[in-house]
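What follows is a short report on a single structure.
When reading the values below, keep in mind they use all heavy atoms of this one structure, side chains included, and skip hydrogens, waters and symmetry mates.
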Amino acid sequence: MDDRTAGTRTHSGKGMTKCLQVMRMALLTVGAFAFAIAVHAQERSVAITIDDVPNVSLFAADGQSSGLLQKLDSLNLPVAIFINEGHLKQNEHFEQNRKLLESWISRPYVTVGNHTYSHPNYGDIGFDAFKDEVVKGEELTRKMAEKAGKELEYFRFPFNGMGKDSAEQARMQAFLTESHYISTPFTVESEDWLFTQLYEKALREGNLDEARSIGNRYVDLTLKLFGHFEQVAMKVTGRPVKQIYLCHDNRLNTDYLPALIQKLKEKQYSMISLADAMSDEAYQLPLYYHGNWGFSWLYRWVKDPAVRRSLMQAEPSDKEAQQAYEALTKSKK
């Protein structure tokens, strides 16, 4: 073997070694990426929170029965409810409505929260009137919670409007803290209040196919929103966060919340309590938005308004549903 042959073989061997090193690094990178995805999937969790409890109109329409409460009884997961005591007087069945509220609060899987007495926007009515709404909104709820062996420690602002500016927000937050309330955020919601009106209209008109389509679109959009806010969480915090989903006591969720929860479980979400979700350190991050719009806390943690707007503009939506809702609203005027 001459020097040229030896040199060629030596060069070929070095090349092969380098190629194997590159392949090994690529496989390690792919493996690490797959591991990261798997870890993130395992870390997916969400607390289900339900606003505007109890829906006494739906309770009366369904023969003094709460279909949503019955569905939740069978789902075996924790939920937090945010109560408007003023709902109890929306019709003449106060005593039945009171018993309904007590049934919600007595469930062992339910965490209890105050949502004010009559659901006003803090930014519209000011500090003194809103403070009275908070106090009035706990009169029956606190007694029922104590009877059930629970604390009333969570509060959620109606419309998630925390006040028109930073001074008003700080003033109300100080009052809530003095009153031993935890102001409750959310990260994901999907305008179920809009979809339920379209859903109920289709049911009233006997259009079951349309109703089914609306229900399925609600579930599909919500899943897309979870995907969107997963990405936002990674951009804002660098890791997954324990999500808090906001929905409402309505007919749409009576029929489709179980389907949504099943889909989330298929995406490896674990269903956790509100207390567990709030234990995530992300909820101690500073808020950089001090207006009265009620959007996700993931956006409120973004310091740069331009970045915030960009993230919000990327949020999935159902324009067809929004247009149909606008048309429905106009027809009622």
Side-chain angles (χ1 to χ4, degrees), residues 49-59 79-105 110-148 150-186 189 191-194 196 244 246-250 274 278 283 287 289-297 300:
T49 65
I50 305 173
D51 285 9
D52 302 350
V53 176
N55 187 331
V56 300
S57 297
L58 185 57
F59 180 63
V79 299
I81 62 171
F82 290 88
I83 295 162
N84 302 116
E85 286 193 18
H87 285 185
L88 303 181
K89 297 181 179 179
Q90 282 183 344
N91 57 33
E92 67 275 18
H93 306 297
F94 174 81
E95 187 55 32
Q96 293 94 322
N97 297 339
R98 189 193 64 78
K99 289 179 180 178
L100 169 63
L101 178 58
E102 195 163 24
S103 293
W104 272 99
I105 292 174
V110 167
T111 295
V112 186
N114 184 347
H115 200 36
T116 73
Y117 181 78
S118 63
H119 205 276
N121 191 316
Y122 171 39
D124 292 338
I125 69 172
F127 178 81
D128 290 331
F130 194 81
K131 182 178 72 171
D132 291 342
E133 279 278 337
V134 175
V135 174
K136 191 175 180 181
E138 68 177 29
E139 290 178 1
L140 288 175
T141 300
R142 189 172 293 282
K143 293 175 183 177
M144 291 179 182
E146 289 175 356
K147 182 179 178 181
K150 300 179 181 182
E151 294 184 20
L152 177 60
E153 56 182 342
Y154 293 99
F155 176 83
R156 176 173 276 159
F157 285 87
F159 307 102
N160 289 283
M162 298 171 67
K164 60 185 179 181
D165 56 39
S166 59
E168 288 295 302
Q169 291 182 14
R171 189 181 183 194
M172 183 52 64
Q173 184 57 57
F175 167 73
L176 292 174
T177 301
E178 290 169 5
S179 302
H180 307 289
Y181 277 118
I182 300 168
S183 181
T184 307
F186 78 94
E189 65 97 21
E191 296 184 329
D192 64 313
W193 52 269
L194 179 156
T196 198
I244 299 175
L246 186 161
C247 61
H248 297 82
D249 182 0
N250 56 37
L274 178 58
M278 293 287 288
Y283 293 103
L287 301 179
Y289 172 75
H290 298 291
N292 202 44
W293 291 103
F295 47 68
S296 170
W297 263 244
R300 302 180 195 217

> Which heavy atom in T116 sits nearest to a heavy atom in P158, and how many Å separate them?
Replying inline: OG1-CG, 3.4 Å

>> For a 4.5 angstrom cut-off between non-hydrogen side-chain atoms, does S183 reach T177?
In response: no

>> I'd like to know if the side chain of R300 and the backbone of F295 have a donor-acceptor N/O pair within less than 3.5 Å.
In response: yes

>> For K150, is the NZ atom crowded, meaning more than 12 foreign heavy atoms sit under 6.0 Å from it?
In response: yes

> Taking all atoms of both residues into account, what is the closest heavy-atom pair of L100 and P54, and its distance?
Replying inline: CD2-CB, 3.6 Å

> Q96 and F59: side-chain contact (heavy atoms from CB on, under 4.5 Å), yes or no, with the steps?
Replying inline: CA-CA 9 Å; Q96 293 94 322; F59 180 63; 4.2 Å; yes

>> Can you confirm whether E151 is buried at CD, in the sense that more than 12 heavy atoms of other residues, nucleotides or ligands lie under 6.0 Å from that atom?
In response: no

>> Would the distance check show the side chain of E85 and the main-chain N or O of E139 forming a donor-acceptor pair, the cut-off being under 3.5 Å?
In response: yes

> Just checking, is any N or O donor in the side chain of H119 or D52 under 3.5 Å from an acceptor N or O on the other one?
Replying inline: yes

> Do I83 and W104 touch side chain to side chain, with heavy atoms closer than 4.5 Å?
Replying inline: no

> Just wondering, do I244 and M278 contact through their side chains at under 4.5 Å, heavy atoms?
Replying inline: yes

> Could you give the distance from NZ (K99) to CE (M144), rounded to the nearest 0.5 Å?
Replying inline: 11.0 Å

>> Taking the side chain as everything from C-beta on, heavy atoms only, tell me whether E138 gets closer than 4.5 Å to Y181.
In response: yes

> Testing V112, D51, I50 for side-chain contact (heavy atoms from CB on, under 4.5 Å) with F82, which one passes?
Replying inline: D51

>> Test your reading of the model: is there a side-chain donor-acceptor pair from N84 to the backbone of G86, 3.5 Å cut-off?
In response: no

> Are any side-chain N or O atoms of E168 and backbone N or O atoms of G123, one a donor and one an acceptor, separated by less than 3.5 Å?
Replying inline: no

>> Return the CZ to CD distance between F157 and Q169, rounded to the nearest 0.5 Å.
In response: 7.5 Å

>> List the residues meeting side chain to side chain contact (heavy atoms under 4.5 Å, CB included) with K143, not counting sequence neighbours, and say none if there are none.
In response: none

> Rounded to the nearest 0.5 Å, how far apart are CG of N97 and OG of S57?
Replying inline: 8.5 Å

> What distance do L176 atom CG and E153 atom CD have between them, rounded to the nearest 0.5 Å?
Replying inline: 13.5 Å

> So, do L246 and R156 sit near enough that their side-chain heavy atoms are less than 4.5 Å apart?
Replying inline: yes

>> Let's go through L274 and I182 carefully: what are the C-alpha distance in whole Å and the side-chain angles of both, what is the deciding distance for side-chain contact (heavy atoms from CB on, under 4.5 Å) to 0.1 Å, and is it a yes or a no?
In response: CA-CA 11 Å; L274 178 58; I182 300 168; over 6 Å; no

>> If you define the side chain from C-beta out and look only at heavy atoms, does anything of Y122 sit under 4.5 Å from V134?
In response: no

>> So, taking the atom named OG1 in T196 and the one named NE2 in H248, what distance separates them when rounded to the nearest 0.5 Å?
In response: 10.5 Å

>> Assess the residue pair L101 and H87 against the criterion (side-chain contact (heavy atoms from CB on, under 4.5 Å)); give the C-alpha distance rounded to whole Å, side-chain angles, the decisive distance to 0.1 Å, and a yes or no.
In response: CA-CA 10 Å; L101 178 58; H87 285 185; over 6 Å; no

> In Å and rounded to the nearest 0.5 Å, what is the OG1 to CD1 distance from T141 to I105?
Replying inline: 5.0 Å

> Run the side-chain contact (heavy atoms from CB on, under 4.5 Å) check on E102 and K147 step by step: do they pass?
Replying inline: CA-CA 9 Å; E102 195 163 24; K147 182 179 178 181; 3.1 Å; yes

> Is there a side-chain contact between W297 and L287, using heavy atoms and a 4.5 Å cut-off?
Replying inline: yes

>> I want to check something: taking the side chain as every heavy atom from C-beta on, are F130 and N121 in contact at a cut-off of under 4.5 Å?
In response: no

> Under the 3.5 angstrom rule, does the side chain of N55 hit a backbone N or O of D249 as a donor-acceptor pair?
Replying inline: yes

> Taking only residues two or more places apart in sequence, or in another chain, which ones meet E189 in a salt bridge (Lys or Arg N to Asp or Glu O under 4.0 Å)?
Replying inline: none

